[in-house]
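Heads up: the structure comes next, in structure tokens.
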Amino acid sequence: MKLLIVESPAKAKKIQSLLGRGWTVRACLGHVRDLPARKEDLPEKHCALPWARLGVNVEDNYAPLYVIREGKHKTIQDLKAAAKGAEQVLLASDPDREGESIAWHLAVLLGLGKEAQRVTYQEITQSALRQAVAHPRPIDYHLVGAQETRRVLDRLAGYGVSPLLWSAVGGNQSAGRVQSAALMLLSQREQSRLAFVPASYWRVTVGVDSCPPFRATVVALRDVPLATAASFTPQGELKPDVQVVQLDAGKAEQLKAYLERQWGVVQAVEVTPVTRKPPAPFTTSTLQQAANARLKLGAATVTKLAQALYENGFITYIRTDSPSLSEEAQTLAREAIQGRFGPTALPEKARQYATRSANAQEAHEAIRPAGKFLIPEDAGLSGDELALYRLIYDRTLASQMRDATGEKTSITLKAGQVTLHASGTRLIEKGFTVLYDDQEADEDEQALPRVQVGESFALRDARAEEKRSSAPARYTEGKFVQLMERAGIGRPSTYGSTLDTLQKRGYVTVRQRQLHVTPLGLLIAGYLMRQVPQLVDTTFTAQMERDLDRIAEGELTRTQYLDGVWKGNLAPAIERAGRTPPRVQVPHLDAVFEVRAGQVQVRAQGRSVPLPEGLLPEDLTEKTLADVLNGTFKGKRIKREASTKGKAPRKTRRTAGSSGKASARKGARSP
DNA sequence: CAGTGAGCGAGCTTCCGCTTGACTT
């Protein structure tokens with residue numbers, strides 16, 4: 001009997017059926033050993049050591065101390081038992097940095113020594129597996145070293161910086177390479193929104209009486225462009241060097257009246273062909289984004305639904321950064337397309353997609369229907385599960401369909417000294433869009449008639465509306481996950497939990513599916529930016545990845561890298577950092593957020609008062625600020641039952657989770 | 001004399017990334 005160890009139980013089941021007799025396939029469920037989270041997790045002889053809290057001996061070449069993870073003792077015992085009777089043990093954890101590390105930890109725990117045999121494969125088919133198990137290789141210790149370096153750096157940074165926040169702010173605050181960079185991105189967006197001053201401009205449109213009619217927009221007067229949102233700075237001022245006409249209500253009204261008496265003469269018609277390519281199959285981040293936008297589902301819900309679909313064999317693995325499809329999947333997708341839309345819907349060759357994110361490890365393929373590509377209606381699913389499966393199914397098929405082609409028409413008209421413009425796109429070959437249209441509807445897009453230069457049409461029904469330039473939008477969870485991926489912050493398995501952490505700490509909250517930064521979040525980000533700017537720098541991770549690659553190649557050692565980043569950079573910054581409570585200017589008001597005695601307060605007019613719970617920076621206006629200062633603030637959140645409800649269980653949970661003393665006290669108090 | 005309360009001190013919090021259930025609410 002030969003033993004093959006993989007990470008996921010669902011995968012183990014599938015591989016077991018493919019390899020058949022003579023093989024035992026078991027799952028280790030991810031990492032089995034890790035640095036100790038707390039002192040108590042350490043073996044007794046190490047408890048007194050000065051680096052016990054860290055679990056890393058910086059002075060001994062950053063030697064890590066590993067313990068078996070909570071809840072993994074039984075898994076290890078079972079694997080040990082299985083390995084004992086096996087003639088051969090193959091370590092088949094995922095083909096990436098973390099997977100290599102898992103293989104090494106397993107080799108140590110199972111006592112396989114230097115002879116440990118590692119296998120990897122890119123797809124789960126009989127031929128790929130037979131090929132893989134026939135050619136095991138030794139563990140790649142350079143790659144393991146790269147993972148260990150990543151782990152040690154994250155521990156040093158996280159456990160090094162978090163205590164700064166405990167002394168400056170209090171409570172169980174946290175900071176880390178990923179969560180703090182993410183918080184910084186959100187905080188910057190929030191700040192620029194708060195500081196944003198909208199500018200007003202006018203948009204004048206008029207109906208063109210052609211057949212069929214269409215609407216044209218005034219773009220210039222006497223060849224000087226009309227101001228649009230793009231003409232203004234975020235401070236609401238006209239951009240320098242911009243020559244535009246700014247209308248006011250009166251002028252807009254005059255223009256409106258003028259246009260309705262005029263004829264529009266076609267000055268130019270431009271027709272350009274357009275081609276739209278289908279979007280790539282889903283990765284973790286693009287699935288989150290699409291499900292968030294189309295199905296209005298939050299990140300946690302999508303993960304839960306997708307996990308269930310995966311476990312029941314409907315879709316492939318859900319934590320992936322690769323958009324590529326295996327050959328088997330391409331064939332199945334093409335067959336499904338042909339069956340439903342006929343052979344003309346297929347391009348000659350299957351499309352292959354490559355990742356666009358810099359740090360992709362591509363250990364798995366895209367998220368797609370698994371097995372035989374069950375048609376959604378026949379899958380026996382319902383509700384959100386069905387909706388999500390259909391989304392994945394349609395996107396996968398669409399990715400293998402023909403491009404959509406058509407033409408974009410752009411018409412310029414003149415009415416006296418007024419220049420008008422209209423544009424519209426018409427798809428001729430609908431291609432993949434019959435199944436999955438990823439274009440957001442644009443209000444200016446319309447079907448345009450064929451017109452000739454020199455033709456003139458009556459103008460009627462002119463409308464003038466005042467518009468305001470708008471601040472950069474908040475991120476939805478989906479959009480933010482995409483941003484994290486693009487910036488290389490975090491991994492597919494952690495995008496969701498990073499958002500959870502930021503919410504649990506009270507730095508970020510979700511309102512109407514959008515991510516808002518709380519006053520505490522702004523304070524934490526402000527403090528970190530001042531004291532440890534390295535940590536919130538979004539390029540920090542990108543540079544780390546490059547260095548880890550060099551470690552994996554054997555061009556750099558762990559000690560060299562960590563000496564530079566830790567001893568030479570982060571550690572001195574932590575040493576220097578001030579412990580004074582942070583303050584942040586409220587961008588849109590004459591006030592500051594500050595921390596006093598561990599409480600978030602707002603200071604204005606020489607007074608400082610605690611902020612009501614649940615109050616977000618955007619809720620603060622001249623009026624609400626005055627109410628807060630006078631103690632007359634009546635936020636609905638304070639009186640609402642929900643807020644007290646939400647608080648109580650958190651407290652009980654904390655009591656229950658803390659030491660035995662606390663529960664004894666609790667027991668004594670109860671009748 | 002018993003019970004209460006202020007004040008003090010000690011101990012705790014925390015990272016990222018890989019996997020699922022087994023638990024509540």
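Letters A, B, ... are given to chains in the order of the sequence lines, protein chains preceding strands, and every chain is numbered from 1. Keep in mind that this is a model prediction, so the values were computed, not measured.
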Item to check | Presence of A:Q173 side-chain N/O under 4.0 Å of B:dT14 phosphate oxygens OP1/OP2 | outcome: no

Next on the checklist: Does anything in residues 153-171 of chain A come within less than 4.0 Å of DNA chain B? Heavy atoms only, and list the residues if so.
Outcome noted: A:D154, A:R155, A:G158, A:Y159, A:S162, A:P163, A:W166, A:G171

Considering only nitrogen or oxygen atoms on both sides, find all protein atoms under 3.5 Å from nucleotides 8-10 of chain B and state each distance.
none

Item to check | A:F540: partners by ring pair (Phe, Tyr, Trp, His ring centres under 6.0 Å), with sequence neighbours left out | outcome: none

Checklist entry - OP1 or OP2 of B:dC18 sitting under 4.0 Å from any side-chain N/O of A:S493? => result yes

Checklist entry - Which part of the nucleic acid, if any, lies within contact of A:D34, taking any heavy atom under 4.0 Å across all strands shown: a base, the sugar-phosphate backbone alone, or nothing? => result base

Checklist entry - Within the structure, does a side-chain N or O atom of A:Q147 lie under 4.0 Å from either OP1 or OP2 of B:dG17? => result no

Checklist entry - Is A:T501 touching bases, backbone alone, or none of the nucleic acid, heavy atoms closer than 4.0 Å? => result sugar-phosphate

Next on the checklist: Looking only at the side chain of A:E311 (C-beta and beyond, no hydrogens), which of the listed nucleotides B:dC15, B:dG21, B:dC18 gets closest?
Outcome noted: B:dG21

Next on the checklist: Within a 6.0 Å radius of atom CZ on A:R530, are there more than 12 heavy atoms belonging to other residues, nucleotides or ligands?
Outcome noted: no

Checklist entry - How long is the line joining CD1 of A:I102 and C1' of B:dT20, in whole Å? => result 13 Å

Next on the checklist: Among residues at least two apart in sequence or on other chains, which ones pass salt bridge (charged side-chain N to carboxylate O under 4.0 Å, His left out) with A:D41?
Outcome noted: A:R38

Item to check | Contacts of A:E594 that satisfy side chain to side chain donor-acceptor pair (under 3.5 Å) - sequence neighbours left out | outcome: A:R583, A:R603, A:S608

Next on the checklist: Would you call the rings of A:Y317 and A:Y310 parallel, tilted or perpendicular, taking 30° and 60° as the class edges?
Outcome noted: perpendicular

Next on the checklist: Once side chain to side chain donor-acceptor pair (under 3.5 Å) is applied, do any residues pair with A:E148, and if so which ones, sequence neighbours excluded?
Outcome noted: A:Y66, A:R558

Checklist entry - Has A:R505 got a side-chain N or O lying under 4.0 Å from the OP1 or OP2 atom of B:dT14? => result yes

Item to check | Sugar-phosphate, base or nothing in reach of A:G176, heavy atoms under 4.0 Å | outcome: sugar-phosphate

Next on the checklist: Regarding A:A175, tell me which of base, sugar-phosphate or nothing describes its non-hydrogen contacts under 4.0 Å with the strands shown.
Outcome noted: sugar-phosphate

Item to check | N/O (side chain, A:R491) to phosphate O (OP1/OP2, B:dC18) under 4.0 Å | outcome: yes

Item to check | A:K11 vs A:R33, nearer the 5' end of DNA chain B by closest nucleotide | outcome: A:R33

Checklist entry - How is A:R177 classified with respect to the nucleic acid when contacts are heavy atoms under 4.0 Å: base, sugar-phosphate, or nothing? => result sugar-phosphate

Checklist entry - What orientation do A:H105 and A:H31 show, parallel under 30°, tilted 30 to 60°, or perpendicular over 60°? => result perpendicular

Checklist entry - Residues from residues 313-323 of chain A sitting under 4.0 Å of DNA chain B, heavy atoms only? => result A:Y317, A:R319

Next on the checklist: Applying the side-chain hydrogen bond (donor to acceptor under 3.5 Å, both in side chains) criterion to A:Q543, which one of A:D547, A:T541, A:T539 satisfies it?
Outcome noted: A:D547

Next on the checklist: By the 4.0 Å heavy-atom rule, please label A:R97 as base, sugar-phosphate, or nothing.
Outcome noted: nothing

Checklist entry - A:Y495 near the nucleic acid: base, sugar-phosphate alone, or nothing, with a heavy-atom cut-off under 4.0 Å? => result nothing

Item to check | Partners meeting side chain to side chain donor-acceptor pair (under 3.5 Å) with A:Y159 (sequence neighbours left out) | outcome: none

Checklist entry - Does A:T75 have any side chain to side chain donor-acceptor pair (under 3.5 Å) partners at least two apart in sequence or in another chain, and if so, which? => result none

Item to check | Results of side chain to side chain contact (heavy atoms under 4.5 Å, CB included) for A:V169 - residues two or more places apart only | outcome: A:Q173, A:L520, A:I524, A:P582, A:V595

Item to check | Strand DNA chain B as a dot-bracket string - pairs counted if Watson-Crick or G-U with both distances under 3.5 Å, | where the partner lies in another strand | outcome: .........................

Checklist entry - Is the Lys NZ or Arg CZ of A:R118 less than 6.0 Å from the centre of A:W104's six-membered ring, within 45° of the axis? => result no

Item to check | salt bridge (charged side-chain N to carboxylate O under 4.0 Å, His left out) involving A:D34 - partner list, sequence neighbours excluded | outcome: A:R69, A:R151

Item to check | Side-chain N,O (A:T494) to OP1/OP2 (B:dG17) below 4.0 Å | outcome: yes

